[in-house]
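Single-structure report; data block below.
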Amino acid sequence: MRPETTASPAAPLLRAERLSITFGGIKAVTDFDLTVGDGEIVSLIGPNGAGKTTCFNMLTGFYRPTGGTAQFRGQVITGLKPHAIARRGLVRSFQKTSVMKNLTVFENVVTGHYLQTRQSLMQTFLFEGASKRAAEAARQRSAEIVQLLGLGTRSETPAHHLSCGDLRLLEVGVALAARPTLLMLDEPAAGLNTAEANAFGEVLRTIVATQVRSLLLVEHNMGLVMGVSDRIVVMNFGRKLIEGTPAEILGSDEVREAYLGKGAAGKGAAGKGAGR
Amino acid sequence: MTGERSSLLFVLVLAAVFPFAVQNPYILHLAVIAGIYVVLATSLNLIVGYVGEFSLGHTAFFGIGAYAAALLSTAAGLPIWLTVPLAGLLAGLFGIVIGAITLRLQGPYFVIVTLAFAEVLRIVATNWIGLTNGPMGIAGVPQPASVAAAGIVGGKQIYYFMAAGMVAVSLYLAWRLVRSNSGRAAVAVRENRFVAQSIGVDPFLTAMHVFTLSAVLAGFAGGFYAHYVSFVGPEVFRFSFMASMIIMVLMGGKGTLLGPVLGAVIVVGLEEYLRQAQELRLTLFGLIVMAVVLFAPNGLMGLLARRPAWLARRAAPALVSNQGEPA
Ligand SMILES: Nc1ncnc2c1ncn2[C@@H]1O[C@H](COP(=O)(O)OP(=O)(O)OP(=O)(O)O)[C@@H](O)[C@H]1O
Ligand SMILES: [Mg+2]
C-alpha cells in the first residue's frame, strides 16, 4: 500500500486514465478518461449500452479493467477489491435497485454504517463498551439520514414494502451511511415521476452540500442532470464523446446525434434524453 | 431484539428446573441428547442462516471435537472441563482452514466441497489406526468422577447441567456474534452481496468469522458427546447427524437464534416417538422436510412471525439468491 498523499487543491479526487474492458472480444469501454474534482458534481450520460454502468463497475472494483488505471485521492485503486475501494471513501449505488430488502429502512441505514461500527473479535465476545458507543452513534446518524431523505415515516417499514421512489432514496441513504468522500449514483432517478425527480434533485443538492465532497452521477433524466451538474461527460459506444458544462453539452451537435440519431430507431433513448 | 432475548431467558429458566421436576433417567437422557443437538443446530444455523450457504459437511467439526476430547482424555488424562473447550478450539482451527478453502466457493460448489471434507475426515479416522484406533474406535472415554459417584438419576442430572452449561455458552456466543457488527455484515452479505461490498464489507472475512464460530460450537458438541456416550468411532462423521441438523434448522427457522433450538428439541422428541417404526421414521422425516420447504420456508419461527410484530422483524428472511453480476 502506498503512503497517503495529501492531494494538492488542483489534483482531482478521482482520475481514471484509458480505462478499457472487453467482454469476450467485445469492447464495452475503450480508453475512457475521467476526472472528478474535489467538490465537483460530474454527470456521466449517454444512450443505453454506452458503457456507463460498466465504468462504475470498473471504478469500484466489481470489474477488473483490461487496460488503464484509476486513482482515488492519489492512490491507484484498480485491482483492489470492491470493499477495499469502499473503505477508501468511494461508494456507489447500483442501477438495478439494490437494498437489503428483508430489513427495515432504519436497519438498512444502520447496516450501511458498517465501517464506523467495526469491532475486534475481543469486543464482539467480551468487552461491549466501545462498540456499544459506536453502535449508538451509528443509530443516531441513521435516524438523521432517514430524516434527511424524507423517509422518517417509513423508518420501520421493511424495504420490500417501499415504493420505487422510496427505494431509490433508501439506496442513497445506505451509501451515505458508509460516509463516502465521492458518492457514485447509477441512475438514482430511474422510475421516478417528474415531481419525484425534482424532489430528488433537491435531496442531491443537500447531500452534496452537507454529506459528501463530490458526486458522480449516471442519469437519463436530463432535467436532473442539467440542474445539478458542474460538468457533464457524454459516452457513446464505450468511448467518451465529449465533455463540458451543461450549456456546452446542450448546444452540442454530437450529443444530439448520439441521442436522436440512434435513439429514434432504438429502444427509446431519445424519449429519455428529451425528458427535460 | 428484546423479544428474542426474553424468550431465550425463558427457555433457560425452564431448562434449569427441568431435571428436578423430571427424575426419569430416560427423559433426562433425551434432554442431554437434545442439548447436544441444540448446539449442533445452532452451529449449522450460523452457516445456513447467516453465511447464507448450505453445508453438508458439518459433521467434520462434530467429529473432530469428538475425537479430540476422546484422545485428550484417554491419552493425556485431561478432565472434561478442559477437553470440551479444547475440542471446540481444535474444531475452530480446522474451521479456519476448511473455511479458507470452501468460503471462496458459493452455492453447489460450497455444498460439495464441505461434504468432501467430512468424507475425507471419515476416511482418515477409519484408516489412521495409530491415532484413532481405526474402525474399532476409541472406547472408554472417561466419565467425570462425580457422575460415577452420583448413581443413575444423579449422574444424568450432572450430565444434564453440563449440557445446559454448554448450550448456554454456545447460545451466548452465537447471540453476541449475530448481534455484533460481524453479524450485521453477514446479514448484509446474505441479503445483497453487492450492496454489502459497496458499504465496505469484506464478504470472505465476514463469512470466516461466522464459519469459525460455527466450527467451534460443533466441536463443543462433539467433545461433550464423546464423554457422554464414552465411545467415539468413525461413524461420528456419518451423514445421519447431518440430516438431523438440517431438519432441525429448517424446521425451526434458519436465520433466527430461537428457531434451531426449537427445531432440535422437537426433532429429538419426534425421533424418539417414532422409534418403533424405523423405516417409516425416515420417510416421515422426508415428508416433513418437504412440507417445511414448500409451505413454511422460514420454519416454525416464520409461522410464529405471522402474528406478533416483534417476531416478524426478527424472523428469518428467505434467502435471496445473488445475481451473477452487479448492475
Ligand atoms: N458482464 C458483461 N458481459 C458482457 N457484456 C457486458 C457485461 N457488462 C456490460 N456489458 C456490455 O457492455 C456494454 C455497456 O453496458 P453498460 O451496462 O455499461 O451500459 P450503460 O451505459 O450503463 O447503459 P444503460 O443506460 O442501459 O444502463 C453493453 O453492450 C453491455 O452489453
Ligand atoms: Mg447502466
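Side-chain atoms are counted along with the backbone in the values below, which use heavy atoms only and exclude waters and symmetry mates. Just so we're on the same page: letters track the sequence lines, and every chain starts at 1.
Within the 4.5 Å cutoff, no side-chain heavy atoms of B:Val201 are placed close to those of A:His83. Counting only heavy atoms from C-beta outward, the side chains of A:Met100 and B:Val187 never approach each other to under 4.5 Å.
Contact residues of residues 215-223 of chain B toward chain A are absent (heavy-atom distance under 4.5 Å). Contacts from residues 159-175 of chain A to chain B, taken as heavy-atom pairs separated by less than 4.5 Å, involve A:Val174 in sequence order.
By the neighbour-count criterion of 12 heavy atoms within 6.0 Å, atom CG of B:Leu294 is densely surrounded, having more than that number from other residues, nucleotides or ligands. Other residues, nucleotides and ligands contribute at most 12 non-hydrogen atoms within 6.0 Å of the OH atom of B:Tyr109.
Scored by the side chain to side chain donor-acceptor pair (under 3.5 Å) test, A:Thr111 finds no partners at all (sequence neighbours excluded). Residues passing the ring pair (Phe, Tyr, Trp, His ring centres under 6.0 Å) test with B:Phe224 are B:Tyr159, sequence neighbours excluded.
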- [ ] Determine, step by step, whether A:Lys81 and B:Asp202 satisfy the side chain to side chain contact (heavy atoms under 4.5 Å, CB included) criterion, reporting the C-alpha distance in whole Å, the side-chain angles of both residues, the deciding distance to 0.1 Å, and the verdict.
- [x] CA-CA 9 Å; A:Lys81 294 253 171 64; B:Asp202 180 347; over 6 Å; no

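Classification of the A:Phe62-B:Phe194 ring pair by plane angle, with boundaries at 30° and 60°, yields perpendicular.
Minimum interatomic distance between B:Gln197 and A:Ala86 (heavy atoms only, all atoms of both residues): O-CB, 3.7 Å.
Between the side chain of B:Glu191 and the main chain of A:Val99, no donor-acceptor pair closer than 3.5 Å is present. Between the side chain of B:Asn181 and the backbone N or O of A:Tyr114 there is at least one donor-acceptor pair closer than 3.5 Å.
To the nearest 0.5 Å, atoms CZ (B:Arg190) and CG (A:Asn102) are separated by 7.0 Å.
No other option in B:Leu213, B:Val195, B:Ile199, B:Leu173 has as many heavy-atom pairs under 4.5 Å with chain A as B:Ile199.
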